[in-house]
Amino acid sequence: MFSFTPSLTLPTPPPVSRSLISHRLAVSREYLEVATVIAAITLVAWFTPLDYRVFGDIYLAAVIALSLRVGRWPILFATVFSVLAWNFAIVPPRLSFSQLDLKDGVFLGTYFFTALLAGQLTSRLRAQERRERQREQRATALFHLSRALNAAETLDEGVATALRLADTLFECRSSLLLSGETPALAVHAASSLSLTRDDLAAAEQVYRSTVPRGRPAASKPSLASLHVPLHHRGHTLGVLTLGGWRRPVSLAAEDRELLETFAAQISLHVERERLRAVSEHEKLLAESDRLQRTLLDSVSHELKTPLAVLRTAAENLTTDDPSRRQSLAAEVRTATARLTRVVGNLLNQSRLEAGGLIAKLDWCDVRDVIVAARRDVGDALAPHPITIAIAEDTPLCQADFALLEQVVANLLVNAALHTPPGTPVSISAGVDRIAERFFLTVADRGPGLPAELRDEAFHKFRRGAGARPGGLGLGLSIVHGFMRAQGGSVQVSSQPGGGACFTLHLPYLTHDHVPHE
Amino acid sequence: MTTARPGKPTLLVIDDEVQIRRLLRFTLEDAGYLVREADTGHHGLVEAAHHHPDAVLLDLGLPDLHGTEVLKRLREWSSAPVLVLSVLGEEENKIAALDAGADDYLTKPFGGGELLARLRALLRRIKVDEPAAIARFGPFEVHLVDRKVLKNGAFVKLTAKEYALFHLFVTHRDKVLTHSQILGELWGPESLSQTHYLRIFMMRLRRKLEDEPDTPRYLQTESTVGYRLVTDPR
């Protein structure tokens with residue numbers, strides 16, 4: 001059975017029928033085969049009382065048949081061997097070389113000529129066929145390579161595919177050295193060939209000199225590694241090294257060409273992925289720049305306003321009018337509540353963005369969470385009548401109490417900020433038995449959320465066009481982040497009859513039985 | 001300096017922020033307390049040893065000693081009530097401090113009114129430490145000897161476990177009880193993580209004792225920390 005490692009799914013290399021390194025029968029085996037066939041025919045002829053010329057024809061047929069399987073020289077051998085065997089064993093007197101008459105001499109000459117010609121023709125045909133097949137394999141390999149590289153979504157994925165393809169195609173192990181931000185070459189993690197010190201030095205030299213090195217084309221078969229530079233528009237991106245051959249090989253000119261095309265394809269891919277990385281990085285920078293500016297603008301506004309209130313109130317507190325002092329104190333309280341909320345939201349958002357937020361899931365009673373959240377929101381919700389509807393049989397839910405409390409508090413603040421005073425807010429909770437999940441909704445009878453803002457409502461710094469001052473646009477982004485951290489989700493919809501309705505979902509889980517005593 | 005006027009309780013404020021100390025002194029002296037200050041944990045322990053304050057306000061983020069460490073050393077010889085001051089995001093330290101023997105906590109920023117209410121409750125409790133046979137608060141009357149609970153004069157039927165839980169709250173009324181304190185007391189030390197036992201029993205208890213179980217007045221939730229029985233809800 002196959003087993004998959006879920007974390008690491010390398011792209012499977014496309015099927016390449018066989019390697020390009022041709023597999024001819026070993027030469028000694030060809031001679032053996034030829035000798036066996038001729039000997040067998042001679043043996044049969046020895047016991048068969050037929051005219052010896054008949055066997056001349058049978059030998060000819062056998063030699064032509066053999067030429068389909070073996071090379072030119074074994075065929076020459078077969079021809080000579082069969083002539084000698086025929087003369088020695090078949091042509092009477094047997095077991096001696098006989099003087100041939102003219103007729104037999106002509107027959108022998110024709111036989112010789114025909115056999116050699118047949119051998120020559122078939123071996124030429126076979127060589128042609130082999131070249132065709134190799135050409136086709138090369139084309140297929142290149143096709144697979146370019147398709148795989150196009151499909152690859154990352155640099156690493158593409159390189160891994162290309163190297164595995166090279167491994168199969170050239171029957172070797174391969175390694176890719178790439179120059180990164182530093183000019184030094186670094187071995188790519190997908191390499192299957194571990195480079196020796198000599199290999200590294202040679203690759204380094206190839207990288208510097210930009211001339212292919214290792215050994216000249218069509219040299220004697222050897223085990224030495226082959227280094228091919230990756231060029232792109234005049235500069236060298238790295239070096240592709242093939243090595244770890246199982247037996248000495250020499251690459252034909254076509255194979256070298258293929259290898260260089262391979263290298264060129266990989267260069268293209270590397271360059272393309274690098275450009276993409278650069279442009280993505282720049283896009284990110286631009287985006288983060290934009291966010292930074294938005295953050296700075298809104299944070300400085302949100303922090304400076306209550307600070308200005310506090311300062312003015314403090315300066316005026318020396319007034320003798322006690323009723324004025326009362327109202328100043330109320331202003332100070334409102335300003336600090338706002339400041340506390342802004343700082344809390346900023347802290348929560350940075351907790352989310354630092355990525356270190358791990359929800360501590362435990363059993364929570366949603367009624368407790370709602371009570372705690374209402375207490376957190378405090379006076380801000382005072383002008384809004386609240387109704388709570390929680391089904392009697394609502395079970396405990398798995399949540400992080402503090403996170404869920406903050407989520408509900410943010411939704412309540414959101415409702416308080418974006419609806420006129422007096423607008424009713426309703427909270428409900430329970431279990432959706434069909435979808436098997438826990439839900440909690442916070443709904444108001446305010447103006448509702450414009451449809452075009454619904455998808456973006458949970459993005460940070462997104463604020464409604466007509467939103468009243470007093471928000472950073474972080475509240476809902478925190479709601480979204482905290483719900484996700486708890487394995488839940490949040491949705492917003494319009495209420496029938498007007499108003500926004502936020503629905504929180506959490507997985508529905510059941511705890512073990514709680515004893516009555 | 002050390003002569004405390006009789007009748008005026010002495011408080012020790014251990015906080016490294018001078019502005020916080022100044023404002024606390026302002027609030028507390030106005031409310032009729034005598035205030036002593038310490039800016040480090042070591043200094044605080046020395047002050048506490050010399051002056052035996054009636055209650056201690058301890059900031060958890062001290063520069064020299066961790067607040068929990070100060071608490072542990074203090075608890076070696078003093079049982080004075082300790083009110084822990086923490087900032088948002090220090091939930092774990094807060095719970096650790098409560099488990100280590102702190103009596104209550106406040107999260108900065110807090111209001112003066114809230115602080116004074118907590119202090120009053122803390123100081124009142126030292127006086128009522130001797131268990132009376134009957135505890136009375138709000139509409140409740142708890143007969144500790146014959147294990148009966150009456151609400152508005154009517155007998156409320158509680159199971160043995162429910163009574164044990166309520167009894168725990170009554171003996172520690174107005175004090176925060178952490179989840180692990182309650183679980184350890186009622187279900188034993190091996191059940192400290194069985195939060196759902198506690199949640200379910202609180203639900204049952206509230207249904208029997210509260211007028212509106214979904215918005216309880218007496219059996220209040222302390223987010224992430226635990227529960228508290230409030231005897232005089234505002």
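These figures come from a predicted structure and were not determined experimentally.
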Considering residues, nucleotides and ligands other than [X], do more than 12 of their heavy atoms fall under 6.0 Å from its [atom1]?
X        : atom1 : result
B:Phe26  : CZ    : no
A:Arg324 : CZ    : no
A:Arg484 : CZ    : no
B:Glu190 : CD    : yes
A:Asp379 : CG    : no

Tell me the closest heavy-atom pair linking B:Phe201 and A:Val514, and the distance in Å.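 So the minimum-distance heavy-atom pair works out to CE1-CG1, 3.8 Å.
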Between A:Arg375 and B:Glu222, what is the shortest heavy-atom contact and its length?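 Shortest heavy-atom separation between A:Arg375 and B:Glu222 comes out as NH2-CA, 4.4 Å.
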Testing the 3.5 Å rule here: is there a donor-acceptor pair between the side chains of A:Asp512 and B:His196?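 Per modelled atom types, A:Asp512 and B:His196 side chains form a pair under 3.5 Å.
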In terms of heavy-atom pairs under 4.5 Å with chain A, which of B:Arg207, B:Gln194, B:Gln220 leads?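 Maximum pair count with chain A is reached by B:Arg207.
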Take B:Arg199 and A:Asp368 through the side chain to side chain contact (heavy atoms under 4.5 Å, CB included) test and state the conclusion after the steps. CA-CA 9 Å; B:Arg199 301 269 188 223; A:Asp368 282 353; 3.5 Å; yes
Can A:Arg367 and B:Asp214 be counted as an ion pair, charged N to O under 4.0 angstrom?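 A salt bridge links A:Arg367 with B:Asp214.
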Distance check, rounded to the nearest 0.5 Å: A:Leu396 atom CG versus B:Ile200 atom CD1?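 Between A:Leu396 CG and B:Ile200 CD1, I get 4.0 Å after rounding to 0.5 Å.
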Quick one: pull up OG1 in B:Thr224 and CG in A:Leu404 and give me the separation to the nearest 0.5 Å.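 It is 12.5 Å, given to the nearest 0.5 Å.
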With a 4.5 angstrom heavy-atom cut-off, is it the side chain or the backbone of B:Glu162 that approaches chain A, or both, or neither?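 For B:Glu162, no heavy atom lies under 4.5 Å from chain A.
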Side chain, backbone, both or neither: which part of A:Glu392 has a non-hydrogen atom closer than 4.5 Å to chain B?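 A:Glu392 touches chain B through backbone and side-chain heavy atoms alike.
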Close side-chain approach of A:Asp362 to B:His179, heavy-atom, < 4.5 Å: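 A:Asp362 does not reach B:His179 side chain to side chain.
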Decide yes or no on side chain to side chain contact (heavy atoms under 4.5 Å, CB included) for B:Thr221 and A:Val371, but give the supporting numbers first. CA-CA 8 Å; B:Thr221 303; A:Val371 169; 5.7 Å; no
